[in-house]
There are 4 protein chains.
Amino acid sequence: MRKRPRQARSKQMVADLIDATARCIVANGLDGTTTPRIAELAGVSVGSLYQYFEDKEALIDALVADRAAAIARGLRQLPVDTAGNLRDMVSGAIGYGFALLRAGDGLYVELIKNWHRMPTDKVADVLQQHFLELARVWFLRHYREYPIENLQVRIFIIVNSTLFTMVRLIADDHPLIPQKEVAEGLTDMIVQYLAVPS
Amino acid sequence: MRKRPRQARSKQMVADLIDATARCIVANGLDGTTTPRIAELAGVSVGSLYQYFEDKEALIDALVADRAAAIARGLRQLPVDTAGNLRDMVSGAIGYGFALLRAGDGLYVELIKNWHRMPTDKVADVLQQHFLELARVWFLRHYREYPIENLQVRIFIIVNSTLFTMVRLIADDHPLIPQKEVAEGLTDMIVQYLAVPS
Amino acid sequence: MRKRPRQARSKQMVADLIDATARCIVANGLDGTTTPRIAELAGVSVGSLYQYFEDKEALIDALVADRAAAIARGLRQLPVDTAGNLRDMVSGAIGYGFALLRAGDGLYVELIKNWHRMPTDKVADVLQQHFLELARVWFLRHYREYPIENLQVRIFIIVNSTLFTMVRLIADDHPLIPQKEVAEGLTDMIVQYLAVPS
Amino acid sequence: MRKRPRQARSKQMVADLIDATARCIVANGLDGTTTPRIAELAGVSVGSLYQYFEDKEALIDALVADRAAAIARGLRQLPVDTAGNLRDMVSGAIGYGFALLRAGDGLYVELIKNWHRMPTDKVADVLQQHFLELARVWFLRHYREYPIENLQVRIFIIVNSTLFTMVRLIADDHPLIPQKEVAEGLTDMIVQYLAVPS
DNA sequence: GATGAATGAGCTTTCATTCAT
DNA sequence: AATGAATGAAAGCTCATTCAT
C-alpha cells in the first residue's frame with residue numbers, strides 16, 4: 001500500500017476497491033479482472049486505484065489478506081468442542097469448508113484455482129495454522145504423548161489434500177461423484193490418518 | 001491440427017513446435033507463453049505455427065495430450081507386483097510421482113498448477129484411470145468382496161489429494177517440510193484409507 | 001461508442017477520429033483504411049481509438065451516420081419550389097448530387113462504391129426518404145389522383161439508377177461521356193418516368 | 001498470364017483455376033476468397049496457381065473476362081426480333097438480366113457489388129456494347145433519323161441504372177418491393193426514355 | 001487528492017507470395 | 001513443371017499504467 005489511509009474517507013476507498021475487486025473476480029474471473037473494471041465497480045477512477053495500491057497485484061494481495069483474515073476470524077469464532085469426538089470435529093470442519101467454498105459466488109474457488117498467481121498462499125497458510133492449533137489442542141487432551149512435530153506434516157498434507165479435492169469437485173460442472181460422498185471419504189481418510197500415531 | 005503432417009519434415013515441425021511450447025512454458029510460465037516466443041524457440045516463423053495448429057490453444061492441447069500419453073505409457077510399463085504389499089505399491093507410486101514432477105524442469109508442475117485452463121484435465125484423468133484400474137486389480141486379488149463402486153470415490157480423493165499436495169510442496173521455493181516426510185505421510189494416509197473397507 | 005464524450009476534449013477527440021477516418025478512406029480507400037493509419041492521421045494512439053469506439057466498424061458507422069445526417073440537413077435546407085416545374089426540380093437535384101459526389105475528395109464516391117459493406121446503406125436510405133417525401137408533396141399539388149403507392153417503387157428505381165450511374169461516371173478516370181450529358185440524360189429519363197402515370 | 005498454356009493440360013489447369021475461383025467467391029464471398037482456398041478447390045497447389053497467374057488479381061481478372069465472354073456469347077445467341085415491339089424487347093432483356101443475376105449462386109451479384117475492385121468493369125462494358133448495338137439496329141429500322149451519337153449516353157445511363165437497381169434489389173435480404181414491380185418500373189422508364197427523341 | 005484521457009507495447013491471427021525440393 | 005512448407009508484414013484489439021488537469 002502506497003500510503004496509509006489515515007482518514008476515514010481513505011479507509012472507505014480502500015475497502016471499496018477491495019470489495020470491487022472481489023465482485024470483479026466473481027463476475028469476470030481472475031483473467032477478466034482489469035483495473036478499469038475494478039475502478040468502475042468501485043465507483044472511482046483508475047487514478048485513485050493507483051493512489052492506494054502500487055499495482056494490480058497489490059490490490060489482489062490486499063483482497064486475499066482481507067479474506068484470509070475474515071476466514072481466520074470465522075474459524076476462531078466457530079464453537080469447537082475439543083473434548084468431543086475426532087470424527088465429528090473433522091466432519092464438521094469439512095462441512096464448513098464446503099459451505100465456505102460454495103458461498104461468495106465462487107470467489108474462493110476462483111482464488112484457490114489461481115493460488116500460484118496469488119501474492120502468497122495466505123488462505124492455505126491460515127487454514128494450516130488454524131487446524132494445526134486445533135489439532136495440537138485436541139491431541140494434547142486426548143493423547144498426551146502424540147508426536148507433535150509430526151503433526152505439522154500431517155496438517156500440511158491434510159489441508160492441501162482437502163482443499164484441492166474440494167475445489168476440484170466444485171469446479172467440475174458435471175461431477176460424477178456427489179459432494180456428500182467426497183465429504184465422507186475425506187472425513188474417513190483424515191480421521192484414520194490422524195488417529196494412528198506413526 | 002490444420003494440416004496432417006504427411007512428410008517427414010512436417011512431422012518434425014509439429015514435434016519441434018510442441019517441444020518449443022514445452023520449453024516456453026518452462027521458461028516463461030503459461031501466462032508468458034506467447035505465439036511469437038514459441039515460434040522463436042522453435043526457430044520458425046509465426047505463420048508456420050498456424051499452418052499446423054488451429055490456434056495457440058490447440059498447440060497447448062497437443063502438448064498436454066502428448067505428455068499425458070507419455071505418462072500413461074510410463075505408468076503401464078512400470079513393473080507392478082499386484083500380488084505384493086499395498087504399502088510398497090503406494091510408496092512406489094508416490095516416489096514415481098515426485099520423480100515425474102521434478103523432471104521436465106517444472107513443466108508438469110506448471111501444467112497442473114493451471115489445470116483449470118487446460119483442455120480437459122487430461123493428466124489428472126489419466127492418473128485417475130490408471131490408479132483406479134490398478135486398485136481394482138489389487139483389491140480383486142486380496143479382498144474378494146471389496147465394495148468396488150466405493151473405489152471410484154476413494155481414487156478421486158486420493159489422486160487429487162496426492163497430486164496437489166505434491167505440487168504445492170514442489171512449488172514452494174523454501175519448503176519447511178522435506179519431501180521424504182510428505183511422501184511417507186501421504187503413503188500412510190492412503191494405505192490406511194484404502195485398507196479399511198467402509 | 002464506448003465512452004460518452006462528456007468533456008470538450010473528448011468531443012474533440014471523437015470528431016478528430018471521425019475526420020481522420022474520412023481522410024484515411026479518401027487517401028487509402030476503404031480497404032486501405034486500418035486502425036493504425038486512422039490513429040496516426042488523428043495524431044493519437046490506437047488505444048485512444050478504442051476508448052471511444054467499440055471497433056473499427058463502429059468508427060466507420062459513426063462516419064457514415066455523421067455524413068448521412070449532414071446530407072439530410074443539406075437537402076432539407078435546399079430551397080425547393082414545390083409549385084414549380086418538375087424538370088427544374090429534377091435537374092437541380094441531379095446537379096446538387098453531382099456537386100456533392102465531387103466534393104469531399106471522393107469520400108462519398110468511395111462510400112457508395114462500398115455500400116454493401118456499410119453499416120446499413122444509410123446514405124441511400126436518406127436519399128430515398130427525402131426524394132420520396134419531395135415527390136409526394138409535389139404530386140399532391142399537381143396531380144391530385146396520382147397513385148402514391150406506386151411512387152415508392154419509382155423512387156427506389158430513380159434513386160438507385162441515378163446514384164450508381166453518377167458514381168460510375170465519376171469513378172471512371174477517363175470518361176468518354178461528359179457529365180453534363182449524363183445529367184441531362186438522367187433528367188430526361190426521370191422526368192418522363194415520373195410524369196407518365198401508370 | 002505468365003505463360004501461354006500451349007498444351008492441353010495447361011489449358012485445363014487454367015480453366016480449373018478460374019472455375020475454382022468462381023466457386024470460391026460463391027462460397028466465401030470476394031473477401032473470403034484466398035489463394036490457398038482457390039488452389040484447394042482446384043485440386044492443385046498454390047505454387048501452380050502462381051505458375052499460371054501473376055497474382056490473385058490476375059486470376060480474378062481472368063474469371064471476369066471469362067464470364068464477360070460467356071455473357072456476350074449468351075446475348076448474341078438470344079433470338080431478338082428487331083422488327084418487334086420496343087417494350088417487349090426491353091421487358092425481355094430485363095427478365096433475362098434478373099435471371100442471369102439470380103443464376104450462378106450469386107457469383108454475378110458478388111462481382112458487380114465489387115465492380116470497383118475488379119480489373120476493369122468488363123461485364124458492364126460487354127452489356128453496354130451489346131445493348132448499344134441492339135439499340136442501334138432497332139432504331140435504324142424504326143426511326144431512320146434517330147440521333148445515334150445521343151444513343152451512347154442513353155445506353156450508358158440505361159445499362160448502369162438497370163444493373164445496379166437490380167443488384168441492389170437482389171442483394172437486399174428482405175426487399176420491400178417485389179422483383180416484378182421493379183422489372184415493370186424499369187421497363188416503363190427505359191421504354192419512355194428511348195422512345196422520346198431528344 | 002482525484003480524475004480519466006491517453007498511451008503503446010504486445011498479443012493473436014491471416015494470407016499473398018516465394019522457393020527449396 | 002509441380003509442390004506445399006515456410007514466410008513475415010501487417011491487421012485488429014487489450015489493458016496496466018501514467019500524468020496533465
Side-chain angles (χ1 to χ4, degrees), chain A residues 2-3 5 7 9-10 13 31-40 44-59, chain B residues 2-3 5-14 31-39 42-57 59, chain C residues 2-3 5-14 31-39 42-57 59, chain D residues 3 5 7 9-10 13 31-40 44-57 59:
Chain A
R2 263 183 177 168
K3 172 174 297 201
Q7 295 168 9
R9 230 161 53 115
S10 303
M13 165 130 274
D31 286 327
T33 294
T34 67
T35 42
R37 273 213 253 260
I38 293 170
E40 198 193 337
V44 299
S45 65
V46 233
S48 292
L49 190 158
Y50 281 89
Q51 199 95 55
Y52 290 99
F53 296 93
E54 187 68 31
D55 52 20
K56 195 179 132 179
E57 204 193 324
L59 188 45
Chain B
R2 267 187 171 166
K3 204 174 271 190
R6 281 174 201 173
Q7 298 177 2
R9 195 147 67 114
S10 304
K11 271 188 190 158
Q12 190 54 50
M13 168 107 268
V14 166
D31 285 326
T33 295
T34 67
T35 43
R37 281 215 249 255
I38 293 170
V44 298
S45 67
V46 233
S48 291
L49 192 158
Y50 283 91
Q51 292 252 0
Y52 295 98
F53 296 94
E54 188 68 33
D55 52 20
K56 196 181 119 174
E57 205 194 324
L59 187 45
Chain C
R2 266 189 171 162
K3 207 174 267 189
R6 282 175 200 170
Q7 299 178 0
R9 194 146 67 115
S10 304
K11 270 187 191 159
Q12 190 54 49
M13 168 107 267
V14 166
D31 286 326
T33 294
T34 67
T35 43
R37 281 215 249 256
I38 293 170
V44 298
S45 67
V46 231
S48 291
L49 191 158
Y50 283 93
Q51 292 252 358
Y52 295 98
F53 296 94
E54 189 68 35
D55 52 21
K56 196 179 118 173
E57 205 194 325
L59 187 45
Chain D
K3 171 176 294 200
Q7 295 165 11
R9 227 157 58 109
S10 303
M13 165 131 275
D31 286 326
T33 294
T34 67
T35 43
R37 274 213 254 260
I38 292 170
E40 198 193 339
V44 299
S45 66
V46 231
S48 292
L49 190 157
Y50 280 90
Q51 200 95 56
Y52 291 99
F53 295 93
E54 185 69 31
D55 53 19
K56 197 178 128 176
E57 205 193 322
L59 187 46

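Within every chain, numbering begins at 1; the chains are lettered A, B, ... in the order of the sequence lines, protein sequences first and strands thereafter.
- The OH atom of B:Tyr52 sits 8 Å away from the C1' atom of F:dA6 (whole-angstrom rounding).
- From B:Ser48, atom OG reaches atom CE of B:Met13 across 5.0 Å, with rounding to the nearest 0.5 Å.
- In this entry the distance linking CD of D:Glu40 with P of F:dA5 reads 12 Å, nearest Å.
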Polar atom pairs (N or O), protein with nucleotides 19-21 of chain E, under 3.5 Å:
none

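- Counting atom types as modelled, D:Gln51 pairs no side-chain N or O with a base atom of F:dA1 as donor and acceptor under 3.5 Å.
- For the pair B:Gly43 and A:Pro36, both in contact range of DNA chain F, the more 5′-proximal nearest nucleotide belongs to B:Gly43.
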Walk me through whether A:Leu59 and A:Tyr52 qualify under side chain to side chain contact (heavy atoms under 4.5 Å, CB included). CA-CA 9 Å; A:Leu59 188 45; A:Tyr52 290 99; over 6 Å; no

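- C:Ile38 has its CD1 atom 11 Å from the P atom of F:dA11, to the nearest Å.
- Rounded to an integer number of Å, the gap from B:Met13 CE to F:dG4 P is 17 Å.
- Checked against side chain to side chain contact (heavy atoms under 4.5 Å, CB included), D:Glu40 has no partners two or more places apart in sequence or in another chain.
- For A:Ser45, the side-chain atoms get nearest to E:dG4 when compared with the rest of E:dC11, E:dG4, F:dA6.
- Listed nucleotides E:dG4, E:dA16, E:dA6 differ in distance to D:Lys56; the shortest reach to its side chain belongs to E:dA16.
- Of the candidate nucleotides F:dC13, F:dA6, E:dT13, F:dC13 has the atom nearest to the side chain of C:Asp55.
- Applying the side chain to side chain contact (heavy atoms under 4.5 Å, CB included) rule to C:Thr35 yields the partners C:Val46, C:Leu49, C:Tyr50, C:Lys56; only residues at least two apart in sequence or on another chain are considered.
- B:Thr34 meets the side-chain hydrogen bond (donor to acceptor under 3.5 Å, both in side chains) test with no other residue; sequence neighbours excluded.
- Following rounding to the nearest Å, A:Phe53 (CZ) and F:dT18 (P) show an atom-to-atom distance of 16 Å.
- Checking C:Gly32 against B:Leu49, the closest nucleotide of DNA chain F that is more toward the 5' end is the one next to B:Leu49.
- At F:dA11, none of the side-chain N or O atoms of C:Thr35 fall inside 4.0 Å of OP1 or OP2 (strictly under the cut-off).
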Secondary-structure string, 5' to 3', Watson-Crick or G-U under 3.5 Å, | for another-strand partners, for DNA chain F: .||||||||||||||||||||

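- Closest to the side chain of D:Val44, from the set E:dA16, E:dT12, F:dT3, is F:dT3.
- The interatomic distance linking D:Asp31 (CG) with F:dG12 (P) rounds to 13 Å, in whole Å.
- When rounded to the nearest whole Å, the span between CZ of C:Arg37 and C1' of F:dC13 equals 17 Å.
- Residue A:Ser48 places no side-chain N or O under 4.0 Å from the OP1 or OP2 atom of E:dA2.
- Every salt bridge (charged side-chain N to carboxylate O under 4.0 Å, His left out) that A:Asp31 has, sequence neighbours left out, goes to A:Arg117, B:Arg117.
- Checked against F:dT18, F:dA2, E:dA9, the side chain of C:Val46 finds its nearest nucleotide in E:dA9.
- Rounded to whole Å, the distance from CD on D:Glu54 to P on E:dT18 is 8 Å.
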